[in-house]
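First listed ligand is number 1; within each ligand, the first listed atom is number 1. Keep in mind that what you see is a predicted model, and the values were worked out from it rather than measured.
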Amino acid sequence: MEVTVGTAALALALLALPVLYERSGSFRFFCKMGFYNGWILLLALVAIPLCALRGRDVENMKIIRGLMQHVKHLYGIRMAVRGAQHFPPRQPYVVVSNHQSSLDLLGMMEVLPDRCVPIAKRELLYMGAVGVVCWLGGIIFIDRKRTHDAISVMAEAAHTMLSQDVRVWVFPEGTRNHSGSMLPFKRGAFHLAVQAQVPVVPIVISSYQHFYSKQERRFTAGQCVIQVLPPLPTRGLGPADVPALTERVRAAMLEAFEALSAELCPTAPPPAPQ
Ligand SMILES: CCCCC/C=C\C/C=C\CCCCCCCC(=O)SCCNC(=O)CCNC(=O)[C@H](O)C(C)(C)COP(=O)(O)OP(=O)(O)OC[C@H]1O[C@@H](n2cnc3c(N)ncnc32)[C@H](O)[C@@H]1OP(=O)(O)O
Ligand SMILES: CCCCCCCC/C=C\CCCCCCCC(=O)OC[C@@H](O)COP(=O)(O)O
């Protein structure tokens with residue numbers, strides 16, 4: 001008898017889920033984010049054996065990129081890349097981009113150049129299969145709690161970029177930022193570019209506000225533009241030039257971000273100045 005009541009309650013709850021999904025925006029949001037994380041975890045399990053054939057190698061980023069590119073379609077996110085001609089064709093460089101959410105992975109995988117690895121917080125290493133894939137992809141990990149160690153890792157990255165023809169992708173805000181604008185930039189990426197004497201390529205991922213908001217628990221289909229801006233050379237620059245370079249890049253990115261926001265969601269109020 002108890003089993004029958006339990007089974008009936010479970011069946012009722014399962015039947016209620018589609019109704020809840022239809023009626024509650026918050027429930028839909030959590031389902032979609034849960035599926036996003038779960039799906040990536042599953043993709044990571046597929047990617048591990050494929051990447052393991054090479055071992056830890058930046059070429060594995062091509063496998064990760066290939067496996068990730070369909071995910072935007074699952075969510076009805078239309079992505080357009082603008083300015084791809086700005087990528088320097090045959091040399092290392094440092095990509096810097098804004099960081100709004102873990103959805104940035106989708107934009108990153110849309111434009112990720114060959115032999116380009118992100119710099120990531122080391123906590124990602126401990127995300128089970130995802131961590132293993134990140135390691136196999138040659139992702140560079142930094143400990144944000146240890147500035148000195150993080151700087152050493154970046155200095156090593158400058159050497160690796162030149163000796164192994166590797167490009168590096170950095171989120172100079174240093175953390176995800178849902179504010180609808182950009183945080184002040186940390187200078188690590190720009191020190192890295194100056195140390196390696198390679199260009200900085202700014203990439204702006206347009207605001208998600210019109211289709212995704214963690215605060216409002218809203219996640220619908222929508223459009224995202226990934227704009228590659230003209231590279232800034234660093235040849236001849238030294239450590240003293242880093243602050244000005246950082247501000248110049250941020251100003252260019254903020255201008256492009258605001259122009260994209262005005263184009264894609266013209267009715268949204270402008271974000272408060274940072
Ligand atoms: C198919 C299956 C798929 C499954 C797998 C799915 C996904 C996997 C694939 C891809 C995943 C990739 C996802 C990656 C996203 C991860 C994103 C992140 O983790 S963002 C967080 C980590 N990143 C950063 O923090 C980068 C930005 N931070 C910096 O650049 C910082 O400057 C820093 C180097 C980390 C140090 O930060 P800290 O806060 O500790 O110090 P300051 O910034 O205040 O700097 C202190 C001081 O030092 C100077 N400085 C900084 N860097 C250097 C340097 N390299 N050389 C010399 N000096 C340096 C800095 O200028 C400050 O001095 P001053 O104040 O005088 O200017
Ligand atoms: C054994 C442990 C198992 C754990 C399983 C966890 C499963 C999670 C599965 C998929 C997660 C997919 C997202 C991975 C990449 C997200 C990149 C990202 O956005 O990192 C955040 C980082 O930039 C800044 O961090 P903070 O904003 O400072 O915080």
Side-chain angles (χ1 to χ4, degrees), residues 33-52 58 60-71 94-110 112 116-159 161 168-179 182-196 200 205 208 214 234 238-247 249-250:
M33 288 316 287
F35 182 81
Y36 181 73
N37 290 335
W39 191 246
I40 288 177
L41 204 54
L42 203 72
L43 289 172
L45 290 172
V46 174
I48 287 173
L50 299 175
C51 294
V58 295
N60 281 333
M61 286 310 296
K62 285 186 187 155
I63 297 177
I64 296 171
R65 186 179 64 193
L67 282 171
M68 285 289 296
Q69 274 177 345
H70 69 284
V71 179
V94 175
V95 171
V96 291
S97 84
N98 54 317
H99 196 14
Q100 303 176 70
S101 142
S102 60
L103 292 186
D104 294 340
L105 268 185
L106 306 183
M108 173 190 265
M109 295 304 164
E110 198 68 11
L112 190 78
C116 182
V117 288
I119 287 193
K121 59 176 184 180
R122 74 197 294 271
E123 289 84 342
L124 281 191
L125 253 182
Y126 307 116
M127 288 173 92
V130 170
V132 176
V133 172
C134 288
W135 185 83
L136 286 168
I139 287 176
I140 299 167
F141 295 101
I142 52 167
D143 185 344
R144 292 182 296 183
K145 293 188 204 84
R146 295 172 184 262
T147 304
H148 188 263
D149 290 358
I151 290 176
S152 309
V153 170
M154 303 284 261
E156 210 177 297
H159 177 73
M161 287 176 78
V168 173
W169 183 305
V170 185
F171 291 100
E173 290 169 280
T175 188
R176 286 166 288 184
N177 163 39
H178 306 274
S179 77
M182 280 182 216
L183 298 175
F185 282 4
K186 290 179 173 282
R187 292 177 180 156
F190 306 93
H191 278 291
L192 171 62
V194 165
Q195 278 160 15
V200 175
I205 303 175
Y208 303 145
K214 190 177 177 180
T234 63
D241 301 305
V242 165
L245 175 68
T246 307
E247 290 321 310
V249 172
R250 184 174 181 274

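To the nearest 0.5 Å, atom NZ of residue K214 and atom CE of residue M33 are 7.5 Å apart. Rounded to the nearest 0.5 Å, atoms CG (N177) and CG (L183) are 3.5 Å apart. T246 OG1 to D241 CG: the interatomic distance, rounded to the nearest 0.5 Å, is 10.5 Å. Note that the CE atom of M154 and the CZ atom of F190 stand 9.5 Å from one another [nearest 0.5 Å]. Considering CE of M68 and CE of M108, their distance stands at 10.0 Å, rounded to 0.5 Å. I64 contributes atom CD1, which lies 10.5 Å from atom CG of L43 (distance to the nearest 0.5 angstrom).
Contact annotation for Q100 and ligand 2: no heavy atom of the residue comes within less than 4.0 Å of the ligand. At a 4.0 Å heavy-atom cut-off, ligand 1 touches I139 through the side chain alone. In D104, neither the side chain nor the backbone holds a heavy atom less than 4.0 Å from any atom of ligand 1. In M109, the part holding a heavy atom less than 4.0 Å from any atom of ligand 1 is the side chain. Heavy atoms of E173 found under 4.0 angstrom from ligand 1: none, in either backbone or side chain. Of all the heavy atoms of V242, none lies under 4.0 Å from any atom of ligand 1, so neither backbone nor side chain is involved.
Of all atoms in ligand 1, listed by their number and element, those nearer than 4.0 Å to a heavy atom of K121 are 18 (C), 19 (O), 22 (C). In summary, the atoms of ligand 1 found under 4.0 Å from a heavy atom of F171, numbered by their order in the structure, are 15 (C), 17 (C), 26 (C), 27 (C). Atoms of ligand 1 lying under 4.0 Å from any heavy atom of T147, numbered from 1 in the order shown and given with element: 38 (P), 40 (O), 41 (O), 46 (C). Residue A189 approaches ligand 1 through these ligand atoms, each under 4.0 Å from one of its heavy atoms: 30 (O). Of all atoms in ligand 2, numbered sequentially from 1 with element shown, those under 4.0 Å from a heavy atom of Y126 are 2 (C). Of all atoms in ligand 1, numbered sequentially from 1 with element shown, those under 4.0 Å from a heavy atom of A44 are 2 (C), 4 (C). Per-residue contacts place C134 under 4.0 angstrom from the following atoms of ligand 1 (heavy atoms of the residue considered): 8 (C). In the vicinity of H99, heavy-atom distances shorter than 4.0 Å reach the ligand 2 atoms 19 (O), 21 (C), 22 (C), 23 (O), 24 (C). Numbered from 1 in the order shown, with element, the atoms of ligand 1 that lie under 4.0 Å from a heavy atom of L43 read 1 (C), 2 (C). Ligand 1 places these atoms under 4.0 Å from at least one heavy atom of L67: 1 (C).
At the shortest separation from atom 16 (C) of ligand 2 among protein heavy atoms lies S102 CB, 4.0 Å. Among all protein heavy atoms, the one lying closest to atom 9 (C) of ligand 2 is N37 O, 3.5 Å. Among all protein heavy atoms, the one lying closest to atom 8 (C) of ligand 2 is M127 CE, 3.5 Å. Among protein heavy atoms, atom 53 (C) of ligand 1 sits closest to H191 CD2, 3.4 Å. In this structure, the protein non-hydrogen atom closest to atom 15 (C) of ligand 2 is L105 CD1, 3.8 Å. Looking from atom 27 (O) of ligand 2 to the surrounding protein, the closest heavy atom is R176 NE, 2.7 Å. Among all non-hydrogen protein atoms, the one lying nearest atom 24 (C) of ligand 1 is I142 CD1, 3.7 Å. At the shortest separation from atom 52 (N) of ligand 1 among protein heavy atoms lies G188 CA, 3.3 Å. In terms of protein heavy atoms, atom 29 (C) of ligand 1 is closest to K186 CB, 3.6 Å. Given atom 7 (C) of ligand 2, the protein heavy atom at minimum distance is L41 CD1, 3.8 Å. The protein non-hydrogen atom at the shortest distance from atom 28 (O) of ligand 2 is T175 OG1, 2.6 Å. For atom 33 (C) of ligand 1, the closest heavy atom belonging to the protein is A150 CB, 4.5 Å. Ranking protein heavy atoms by distance to atom 25 (O) of ligand 2, first place goes to K121 NZ, 2.9 Å. Here the heavy atom of the protein found nearest to atom 64 (P) of ligand 1 is R187 NH1, 3.7 Å. Of the protein's heavy atoms, Q195 NE2, 3.1 Å lies nearest to atom 56 (N) of ligand 1. Residue, atom and distance of the protein heavy atom nearest to atom 16 (C) of ligand 1 are A120 CB, 3.6 Å.
Shown here for V94 and A189, the closest heavy-atom pair between the two residues is CG1-O, 3.9 Å. Here the shortest heavy-atom pairing between A120 and I139 reads CB-CG2, 3.8 Å. Looking at every heavy atom in both residues, F141 comes nearest to C134 through CZ-CB, 3.6 Å. Between M61 and M109, the closest heavy-atom pair is CE-CE, 4.1 Å. In this structure, S97 and I205 approach most closely via the heavy-atom pair OG-CD1, 4.4 Å. Here the shortest heavy-atom pairing between N60 and C51 reads ND2-O, 3.1 Å.
In this structure, R187 contributes its side chain and L245 its backbone to no donor-acceptor pair below 3.5 Å. Q100 places no side-chain N or O within 3.5 Å of a backbone atom of R176 that could act as its donor or acceptor partner. Between the side chain of Y36 and the backbone N or O of V71 there is no donor-acceptor pair closer than 3.5 Å. When atom types are taken as modelled, the side chain of D104 and the backbone of S101 share a donor-acceptor pair closer than 3.5 angstrom.
Taking only non-hydrogen atoms, the option from I119, I40, V133 nearest to atom 12 (C) of ligand 2 is I40. The closest heavy-atom contact to atom 3 (C) of ligand 1, among the options E156, M68, H148, comes from M68.
The residues K145 and E123 are annotated as salt-bridged, a charged nitrogen and a carboxylate oxygen being separated by less than 4.0 angstrom.
For K145, the heavy-atom gap to ligand 1 stays at 4.0 angstrom or more. Using a 4.0 Å heavy-atom cutoff, R144 is listed among the residues neighbouring ligand 2. Ligand 1 lies nowhere less than 4.0 angstrom from a heavy atom belonging to G137.
Of the protein's heavy atoms, at least one falls inside 4.0 Å of atom 11 (C) of ligand 1.
Ring-plane geometry between H99 and F171 is classed as parallel, the angle between the planes falling under 30 degrees on a 0 to 90 degree scale with a further cut at 60.
In this structure the side chain of L105 reaches within 4.5 angstrom of the side chain of I40, judged on heavy atoms.
By the 6.0 Å contact criterion, CD on Q69 is enclosed, its count of non-hydrogen atoms from other residues, nucleotides or ligands being greater than 12. Taking a 6.0 Å sphere around NE2 of H159, one finds it holds 12 or fewer heavy atoms contributed by other residues, nucleotides or ligands.
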